[in-house]
Structures are given as structure tokens and as C-alpha cells.
2 protein chains.
Amino acid sequence: MPKRHLTDPVDLLREHGMQVTVQRLAVLRAVSQRPHLTADDIEKMVRTEIGTVSRQAVYDTLAVLTANGLIRRIQPAHSPARFEDRVDDNHHHVVCRQCGRVADVDCAVGSAPCLEPAHRHGFVIDEAEVMYWGLCPDCQIAR
Amino acid sequence: MPKRHLTDPVDLLREHGMQVTVQRLAVLRAVSQRPHLTADDIEKMVRTEIGTVSRQAVYDTLAVLTANGLIRRIQPAHSPARFEDRVDDNHHHVVCRQCGRVADVDCAVGSAPCLEPAHRHGFVIDEAEVMYWGLCPDCQIAR
DNA sequence: TCGTGTTATTGACACAGTCCAGAATTGGAA
DNA sequence: TTCCAATTCTGGACTGTGTCAATAACACGA
Ligand SMILES: [Mn+2]
Ligand SMILES: [Mn+2]
Ligand SMILES: [Zn+2]
Ligand SMILES: [Zn+2]
């Protein structure tokens with residue numbers, strides 16, 4: 001019985017009542033290796049790692065991982081959805097208008113800024129998502 | 001020469017160096033009559049108003065109006081793009097997770113909240129977009 | 001090892017939007 | 001009023017992202 005790290009992906013899946021499959025492990029690895037990848041990027045990474053995978057398996061896995069809170073999905077305008085394993089820390093993102101690059105941005109003020117809208121129109125709000133838009137260092141140079 | 005209101009759409013288009021066409025005027029009217037419509041909604045409204053319009057004309061018009069800052073395009077996840085004529089006032093939106101309804105939300109704090117990210121990674125930021133997610137009054141009732 | 005329910009594969013399909021290209025129409029400057 | 005450039009139309013093909021449905025393979029508890 002080999003000793004496992006606390007956040008061993010195998011245990012992580014089991015703890016959430018999910019079956020352990022090579023596809024799911026590879027998706028999990030891809031997402032944690034490089035944040036903000038698209039489903040397509042992830043599919044490519046998984047395929048190079050385990051040889052073959054169906055697009056549907058990637059999407060299904062991403063969906064179930066998202067539903068169980070193991071990963072997070074962000075969807076900037078003009079971009080396919082992106083995934084990251086940095087969850088439960090309420091961070092935001094800055095997106096380059098030119099090349100689409102995404103970077104993490106910590107909360108601006110206090111622990112939950114922008115979470116208090118002025119008028120909520122009777123909505124019950126459970127999340128405040130902040131997206132910053134601008135130009136990344138590279139695209140500033142390229143004018 | 002009939003007297004025109006200050007924000008007469010005809011003048012508005014001319015001021016931005018755009019030709020005045022019935023299609024553009026109808027799109028402009030639709031967008032200002034009801035905010036947060038989709039391109040499809042707008043196409044339908046324009047068609048009932050001026051009889052016929054091509055989808056391309058609608059998309060072209062929305063694009064050129066957006067480029068000139070006469071209207072704004074917002075694109076919540078899991079929704080087609082939506083358009084509004086409330087520009088230059090830095091307001092945000094709350095979206096219903098169930099039915100997709102969109103409502104305006106004024107800035108939470110001061111005039112430009114959330115515009116000061118903790119760490120900007122060298123990005124030059126020109127906009128901070130806040131999207132609130134939750135349930136609208138109707139969908140709360142429908143559980 | 002077996003059986004069952006879960007997951008993966010496959011291929012078609014949906015949706016929102018874009019692109020195309022020629023012809024027709026229209027706006028507005030002169 | 002004339003004329004050119006800008007705009008629209010027709011109408012389909014096409015793209016990227018994602019979903020559905022049927023079948024096959026697999027995971028894992030018994
Ligand atoms: Mn992130
Ligand atoms: Mn609005
Ligand atoms: Zn960039
Ligand atoms: Zn609703």
C-alpha cells in the first residue's frame with residue numbers, strides 16, 4: 001500500500017464519490033499543471049499523455065469536476081471557456097484584449113469586494129465575478 | 001427643417017460619421033427601447049418595424065454601433081451576446097442562472113469600484129467588468 | 001471473477017455567429 | 001440631379017465550441 005500525498009488526485013476523486021479513470025486523472029493533471037487552459041488545450045495535453053481520449057470524455061470530465069468543485073470554469077467574452085484548479089479563494093482575472101491571455105488577480109479590497117451591489121432587483125446573488133480587460137505586456141510592445 | 005431632440009438618433013449617427021439608414025435607426029431604436037436584447041431579438045424587432053432586414057445587416061449594424069461607442073455589448077457565460085445603449089456610466093449586471101434574465105446593477109462603491117486590482121501582472125487595464133450571478137425573483141418562486 | 005452501474009467512445013447535431021461575393025440599393029457630397 | 005462610395009441583400013457555406021444519444025468499455029464492490 002503505497003503512501004500517498006494528501007492531495008493525491010486519486011483520493012481527491014474518491015472523496016467526491018467519483019470513479020477513478022485514466023482520463024479523469026489526466027484532465028486533472030493538465031488543469032493543475034497550467035491554469036486557464038481551454039478544453040481544446042486540455043484535450044491535446046491529455047492525448048499526448050495517455051495516447052488517446054475522446055472530446056466527449058474531456059467535456060464530461062471537466063463538467064463533473066466543475067460540478068464537484070474540484071476545478072473552476074471561467075468564460076471571458078470572445079474566448080472559449082477556461083479551467084483552473086485554483087478554487088475556493090475568490091480570485092479574479094485580467095484578460096488581454098489582443099491575444100486573450102489570462103492572468104490571476106487577487107481580490108482588490110478586503111476579502112470579498114464587489115460582492116455588495118447597490119441594487120439587486122430582488123435577485124438572490126451567490127457570486128460576483130470580476131473580469132479586468134486590457135493589454136498584456138507583450139501586446140503593449142506590439143502596439 | 002424639423003427641430004430635433006438632442007439625442008436624436010439621426011444626429012447621433014452623423015456625429016460619428018456614420019451614414020443614416022433605416023436599418024441602423026431601427027436597430028438603435030430596438031436597443032434603446034429594451035436593454036439587454038440578443039441579436040436575434042433585435043432582428044425580430046427590426047423586422048416587425050421596417051418589414052424586412054437581413055441578419056447580416058443586423059450584425060453589421062451592431063458591430064459598427066459598438067465600435068463607435070453608441071451601444072455596448074455584454075456577453076454573459078451561457079448566453080448569446082446582449083446589447084444596450086446605456087454606455088459611459090460603468091454599470092454592471094446581474095444574471096439569473098436559471099432563465100438568463102439580465103438586470104442593471106450600479107457601481108457598488110464610489111464611481112469606479114473594483115478598478116484597482118491588487119496585482120496587475122504588467123497589464124494595462126482599461127475596464128473592470130463585474131457580473132453578479134444568482135436567481136431572479138421569478139426563478140426563486142419556481143424553486 | 002462477476003455483475004452492475006458508471007464512464008468512454010463515436011458520430012451526428014445545435015447554436016451563435018462569420019464569411020463570401022456579386023448584385024442591388026441607398027445616402028449624401030458636389 | 002448626378003454620381004460614387006457605403007451599405008444592404010440573398011442565401012448559403014462554414015467555423016468554433018459545445019451537446020446529445022446510442023453503443024462499447026471499464027471500475028469497483030461483492
Ligand atoms: Mn485563475
Ligand atoms: Mn445594462
Ligand atoms: Zn496580449
Ligand atoms: Zn430567472
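A quick note: this is a predicted structure, and the numbers were derived from the prediction, not measured. Residue numbers begin at 1 in each chain, while the letters A, B, ... track the order of the sequences.
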Do side-chain atoms of D41(A) reach the backbone of T38(A) as a donor and acceptor pair under 3.5 angstrom?
-> yes
Side chain to side chain contact (heavy atoms under 4.5 Å, CB included) with R73(B): which residues, sequence neighbours excluded?
-> H78(A), T66(B), Q75(B), A81(B), F83(B)
Expected output: side-chain Q98(A) to main-chain D138(A) donor-acceptor under 3.5 Å | no
Given atom CG of L62(B) and atom P of dT7(D), what is their separation to the nearest angstrom?
-> 15 Å
Please write out the pairs of protein N or O atoms and N or O atoms of nucleotides 17-20 of chain D separated by less than 3.5 Å, giving the distance to one decimal.
{"residue": "dG18(D)", "atom": "OP1", "partner": "A81(A)", "partner atom": "N", "Å": "3.1"}
{"residue": "dG18(D)", "atom": "OP2", "partner": "Y59(A)", "partner atom": "OH", "Å": "3.0"}
{"residue": "dG18(D)", "atom": "N7", "partner": "R55(A)", "partner atom": "NH1", "Å": "2.9"}
{"residue": "dG18(D)", "atom": "O6", "partner": "R55(A)", "partner atom": "NH1", "Å": "3.2"}
{"residue": "dG18(D)", "atom": "O6", "partner": "R55(A)", "partner atom": "NH2", "Å": "3.0"}
{"residue": "dC20(D)", "atom": "N4", "partner": "Q56(A)", "partner atom": "OE1", "Å": "2.4"}

Spacing of H16(B) atom NE2 relative to dA6(D) atom P, expressed in whole Å | 19 Å
Those residues at least two apart in sequence (or on a different chain) that pass ring pair (Phe, Tyr, Trp, His ring centres under 6.0 Å) with H91(B) are H93(B)
I'd like a list of close polar pairs between nucleotides 27-30 of chain D and the protein, N/O only, cut-off under 3.5 Å.
{"residue": "dA27(D)", "atom": "O4'", "partner": "Q19(A)", "partner atom": "OE1", "Å": "3.0"}
{"residue": "dC28(D)", "atom": "OP1", "partner": "V20(A)", "partner atom": "N", "Å": "3.0"}

Please confirm whether the backbone N or O of A103(B) pairs with a side-chain atom of H36(B), one donor and one acceptor, at under 3.5 Å?
-> no
What's the CG-P distance between D60(B) and dG11(D), to the nearest Å?
-> 17 Å
Exercise: identify the closest heavy-atom pair between E84(B) and P35(B) | CB-CB, 4.3 Å
Any donor-acceptor N/O pair, Q140(A) side chain to G122(B) backbone, under 3.5 Å | yes
Rounded to whole angstrom units, what separation is found between the CG atom of L65(A) and the C1' atom of dA8(C)?
-> 15 Å
Determine to 10° how strongly the helix from dT1(C)-dA30(D) to dA30(C)-dT1(D) is bent, judged from the axes of its five-pair ends.
-> 40°
Separation of dT8(D) atom C1' from I50(B) atom CD1, nearest Å, is 10 Å
Hey, does the side chain of R55(B) reach the backbone of E43(B) with a donor-acceptor pair shorter than 3.5 angstrom?
-> no
Determine, stepwise, if the pair V27(A) / V53(A) fulfils side chain to side chain contact (heavy atoms under 4.5 Å, CB included).
-> CA-CA 10 Å; V27(A) 166; V53(A) 75; over 6 Å; no
If every non-hydrogen atom of W133(B) is compared with every non-hydrogen atom of P76(B), which pair is closest and at what distance?
-> CH2-CB, 4.1 Å
Under the ring pair (Phe, Tyr, Trp, His ring centres under 6.0 Å) test, which residues partner H16(B), sequence neighbours left out?
-> none
